[in-house]
Amino acid sequence: MAASDISAGIGADLDYIRGAGLFRKRRVIKSPQGAVVTVDNQRLVNFCSNDYLGFANDDRLIRALQQAAETYGVGSGASQLVCGRSSMHAELETELARITGRDRAVVFSSGYLANLSLARTLCPGRTDLIVADRLSHASMIDAARLSPAVFKRYRHADPVSLEQQLNKWGQKRKLVLTDSVFSMDGDVAPLPDIVKVCRQARACLVVDDAHGFGVLGKSGRGALEYFDLGQEDVPLLMATFGKALGVFGAFIAGQTQLIELLIQRARTYIYTTALPPALAATALMSLRLLDDEPWRREHLQTLIKRFQEGAVQLGLPILPSSTPIQPLMVGSASAAVKLSDKLFHQGFFISAIRPPSVPNNTARLRITLSAAHTEEQIDHLLDALLETVAVK
Ligand SMILES: Cc1ncc(COP(=O)(O)O)c(C=O)c1O
């Protein structure tokens, strides 16, 4: 085959990625997800999963998946608008609308696709404005880039900076995008203040609650329950099933008309195969367990407190976070990889997070805690970190 200009440049690109310490190795897991996993034939305590409540290998979810597969089969066959929508999708959407206190919900095949749908559907013109938190998840940033609207970013978690951006541009329709819990820093957006700014500017607010849903709020309904914010405050709520719920897929919930427009126009809803019905059934079961087992959230909070207090006492360079995401700051990408490798050999699985997932020189270990962990495992981790990390 004749070489193309693309293939000619690939070697140099890969060399650059390796040289900058940014090469990503894909570890192979040979066990189910859980507090302990088998990686490359080694048993490791897992501190890098988003399975915050320990549901990913839950017996009841496995049975729900098996039973639904017996009834509905494996594949969904087509997009939801063709023939891929089963009664499981319909039931899940009704339940999601009910528990989030929203008019309607629509299920997407993944959170990335759900976020991608938003900007172009709601702000399709050059006269529109999209404003996102500087540290918003990549899927929101990519969404904004897919729209011809003017796209601006505001200073991280700063309602004043948001207000300035919203007032600076004369655009008519305005969409504001923010995560509730920031995926790499673990901090929580000041949502009540952001809501106020959006209301004043007549902007539509979308909250991505991927890391809050299931974890925050008295009954685990996420950041909006935590802050007591309703649909009038946050017209669109997005969350995933792949993190605290332990499954796969995502949804957007909100006002009837907004959801209907997404169904009619969102390209990442229309032009992709529907989530398999058995996964919709499994997500439904997970939502029920959220209600039945508050002890998971309570235990998780105990572990978060234990880790934060222990790390502060030891002088470890962690960010102040009250969520299961506990970043340990390293700096250079290659130092973060070295530290991750050292901990791997001591029996801990914590992957290094590097640019472009985080800003330059802020590479880190993104330590994540789960209700599946024990207090003893947290203490062992703290001991190992004290041994391996340069303490302030
Ligand atoms: C904040 C945030 N939004 C969206 C997504 C995408 O969700 P999914 O993994 O379901 O595509 C993720 C997960 O990677 C995330 O962390």
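Order of listing sets the numbers, starting from 1, for every ligand and every atom in it. Computed over heavy atoms, backbone and side chain alike; hydrogens, waters and symmetry mates excluded. Note that the coordinates shown come from a computational prediction; the quantities given were computed from them, not determined experimentally.
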So, Glu93 and Arg85, do they make that salt bridge, N to O below 4.0 Å? yes
Pairs where residues 217-226 contributes a residue and the test side-chain hydrogen bond (donor to acceptor under 3.5 Å, both in side chains) is met, not counting sequence neighbours: Ser219-Glu225, Arg221-Asp291
Please determine whether a side-chain nitrogen of the Lys or Arg among Arg27 and Asp341 lies less than 4.0 Å from a carboxylate oxygen of the Asp or Glu. yes
Could you list who else is in Tyr112's hydrophobic cluster, with ILVMFWY side chains joined at under 4.5 Å, directly or through other members? Leu116, Leu146
Using a threshold of 4.0 angstrom between heavy atoms of the protein and any atom of ligand 1, which residues qualify? Ser110, Gly111, Tyr112, Asn115, His137, Ser139, Asp179, Ser183, Asp208, Ala210, His211, Thr240, Lys243
Salt-bridged, Arg306 to Asp379, with N to O below 4.0 Å? yes
Hydrophobic side-chain clustering at under 4.5 Å (ILVMFWY, transitive links): who's grouped with Phe182? Put none if nobody. Leu135
